[in-house]
Amino acid sequence: MATDDFFRARLDTMIDLRHPLAVLATRMPWAQIEAALAPAFAHRDRAGRLVEGADLFGPTVQLAGAGVSNAGRPRLPLRLMVSLLYLKHAFNLSDEELVARWSENVVWQFFSGMTYFEPRLPCDATQLGRFRRVLGEAGVEQLLKSTIEAAVEMGAVKKTEFERVIVDTTVQEKAAAHPTDSRLLEVARDKVARLAKRAGIKLKLTHEREGKTLRRRAAGYAHARQFRRLKKVLRRQRTILGSVLRQVQRKLGQLDEATRECLLPWIERAERIRSQRPHDKGKLYALHAPEVECIGKGKARKPFEFGVKVSLAVTHRHGLVVGARTFPGNPYDGHTLAEQLEQTRNLLQDVGVEPKAAIVDLGYRGVDDAVSVQVIHRGKSKTLTAQQRGWLRRRQAIEPAIGHTKSDHGMNRCWLKGSDGDALHAVLCAAGFNIRWLLRAIARLGLRGLFLVLNVLMLYGRLAVESAAGASAHVGKLWPPSRDVAGVRRRPQPALM
């Protein structure tokens with residue numbers, strides 16, 4: 001094949017174009033994705049600032065920095081950045097691993113829209129984080145929506161299948177250590193002391209050595225189940241944390257406003273940790289992530305999980321994810337159904353189908369009046385038809401989808417910052433699940449087409465053999481004649497060797 005660059009190899013000559021990822025590269029609606037995401041990356045008008053000056057005629061005021069500026073390096077292609085997000089969550093990689101493997105994998109580069117092989121990194125790993133923040137929740141939902149539209153376009157799922165969805169909730173855990181009281185108190189003391197030193201505040205006592213000793217003693221007492229001694233250690237840890245906080249608060253007035261604003265949120269969180277007790281509500285479970293909640297899903301192996309509640313919606317038959325969103329505040333499962341179905345309708349808007357039935361578990365009882373679809377769960381078994389009972393038997397099909405989304409696509413642990421990071425991560429993990437689903441569907445449909453061709457060829461061969469055998473039998477009846485013209489029976493001729 002001819003090449004525009006004699007010294008570089010074209011990717012389409014280096015790979016097997018029947019590879020599922022190469023086929024998916026030609027089936028994804030890249031033009032629609034770029035058109036939907038382009039407004040978020042457009043250059044915005046700047047108000048500018050007034051600059052005072054002087055000339056021969058007296059003082060002047062000019063407007064500087066106004067208008068649209070095209071200064072700086074050109075942005076990377078949107079398709080490249082979007083494909084990197086797809087690949088990251090499809091194969092559960094970190095940002096650093098992703099860019100390193102992209103520079104070595106020719107199929108990934110073809111999926112990203114590259115024409116020639118690029119032996120260098122596509123971008124810095126930190127650019128993916130900034131790209132995610134600019135996209136926002138609406139942008140990543142567009143990525144999930146595009147995977148659904150691609151599945152419909154290639155015929156992997158029928159439109160009528162979107163009329164029935166299975167909905168369930170799970171927990172997306174945060175990247176935080178298990179929150180014991182002694183550890184939280186020591187982390188808060190150390191954090192406040194380090195921030196005070198960075199701000200220029202001289203503390204009389206930081207209790208660093210005593211804090212480490214108390215932390216080790218608390219771990220030993222908890223392991224030995226000596227809870228009275230553990231309570232004494234916790235009481236002392238609260239005392240030294242309060243001492244450090246009071247020293248910092250007395251000297252806050254000496255700091256400038258910017259430094260004070262940076263220090264106040266951490267002081268408030270440390271005070272919450274110092275004052276909270278085991279049975280309080282609204283506790284702080286991670287100093288760096290105040291949005292973390294304690295959620296109990298009734299699991300014997302893990303009674304409590306620390307993160308945010310996530311709702312998933314999948315199609316009833318093939319298990320394609322058609323909805324994923326987070327619900328801060330640990331609401332009752334039934335109260336999340338209306339918002340989850342609203343997101344599903346938005347994602348299916350261009351497909352032209354709306355869900356009419358939601359198959360759920362008993363955690364969604366009592367919400368029939370709050371939603372406009374039919375809610376089916378086993379609590380209504382006496383009033384369900386035979387067809388609806390058949391639908392209900394596939395409710396458990398969402399459980400392996402949740403398991404794969406967590407273990408294979410990264411939803412088991414969220415490393416992104418804040419509640420916004422939780423929302424982005426949940427939708428991107430669902431998009432990565434759909435990418436892998438599409439790759440399996442392409443392989444399945446390709447093999448189906450191959451088997452169809454083989455069956456047709458075998459059928460034609462069988463018909464040809466049968467027709468040939470029938471023709472030879474018919475000719476054998478007519479020729480050679482068994483009797484001559486006079487009616488005398490002929491002697492059979494010997495076979496030719």
Chemist: Does the pair Arg133/Asp420 count as a salt bridge with the N-to-O cut at 4.0 Å?
Modeler: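 So Arg133 does not pair with Asp420 through a salt bridge.
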Chemist: For Leu384, is there any backbone N or O sitting under 3.5 Å from a side-chain donor or acceptor partner on Arg389?
Modeler: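 Yes, the answer is positive, given that a donor and an acceptor are paired below the 3.5 Å cut-off.
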Chemist: Quick test of your reading of the model: are Glu161 and Lys158 salt-bridged, counting only N-O distances below 4.0 Å?
Modeler: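 Here Glu161 does not pair with Lys158 in a salt bridge, since their nearest N and O are not under 4.0 Å apart.
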Chemist: Quick check against the 3.5 Å criterion: does Lys380 have a side-chain atom that pairs as donor or acceptor with the backbone of Val375?
Modeler: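 Side chain of Lys380 to backbone of Val375: a pair is present.
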Chemist: When you measure from the side chain of Lys174 to the backbone N and O of Cys414, does any donor-acceptor pair fall under 3.5 Å?
Modeler: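 Such a contact is absent between Lys174 side chain and Cys414 backbone.
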Chemist: For a ring-ring contact (aromatic ring centres under 6.0 Å, His included) check, start with the C-alpha distance between Tyr364 and Tyr332, then their side-chain angles and the critical distance, and finish with the verdict.
Modeler: CA-CA 8 Å; Tyr364 291 82; Tyr332 168 63; 7.5 Å; no
Chemist: Taking 4.0 angstrom as the limit, do Arg378 and Asp361 come out as a salt bridge?
Modeler: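 No.
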Chemist: Please determine which of Glu137, Glu141, Arg325 meets the side chain to side chain donor-acceptor pair (under 3.5 Å) test together with Gln343.
Modeler: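 Between Gln343 and the candidates, side chain to side chain donor-acceptor pair (under 3.5 Å) is satisfied uniquely by Glu141.
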Chemist: Using a strict 4.0 Å threshold on nitrogen-to-oxygen distance, state whether Asp95 and Lys88 make a salt bridge.
Modeler: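 Salt bridge: yes.
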Chemist: For His19 and Phe110, what are the C-alpha separation, side-chain angles and deciding distance, and is it a ring-ring contact (aromatic ring centres under 6.0 Å, His included)?
Modeler: CA-CA 11 Å; His19 190 281; Phe110 183 81; 10.0 Å; no
Chemist: Centres of the His335 and Phe327 rings: under 6.0 Å?
Modeler: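 No, the ring centres sit 6.0 Å or more apart.
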Chemist: Can you tell whether the side chains of Asp333 and Lys297 come within less than 4.0 Å, N to carboxylate O?
Modeler: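 Yes, Asp333 and Lys297 are salt-bridged.
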Chemist: Heavy-atom count around Arg317 CZ within 6.0 Å, excluding the residue itself: above 12?
Modeler: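 No, because the 6.0 Å sphere around CZ of Arg317 holds 12 heavy atoms or fewer from other groups.
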Chemist: If you measure from the Lys or Arg side-chain nitrogens to the Asp or Glu carboxylate oxygens, is any gap between Lys159 and Glu163 under 4.0 Å?
Modeler: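 Here Lys159 does not pair with Glu163 in a salt bridge, since their nearest N and O are not under 4.0 Å apart.
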Chemist: With a 4.5 Å heavy-atom cut-off, do Arg164 and Thr315 have their side chains touching?
Modeler: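 Arg164 does not reach Thr315 side chain to side chain.
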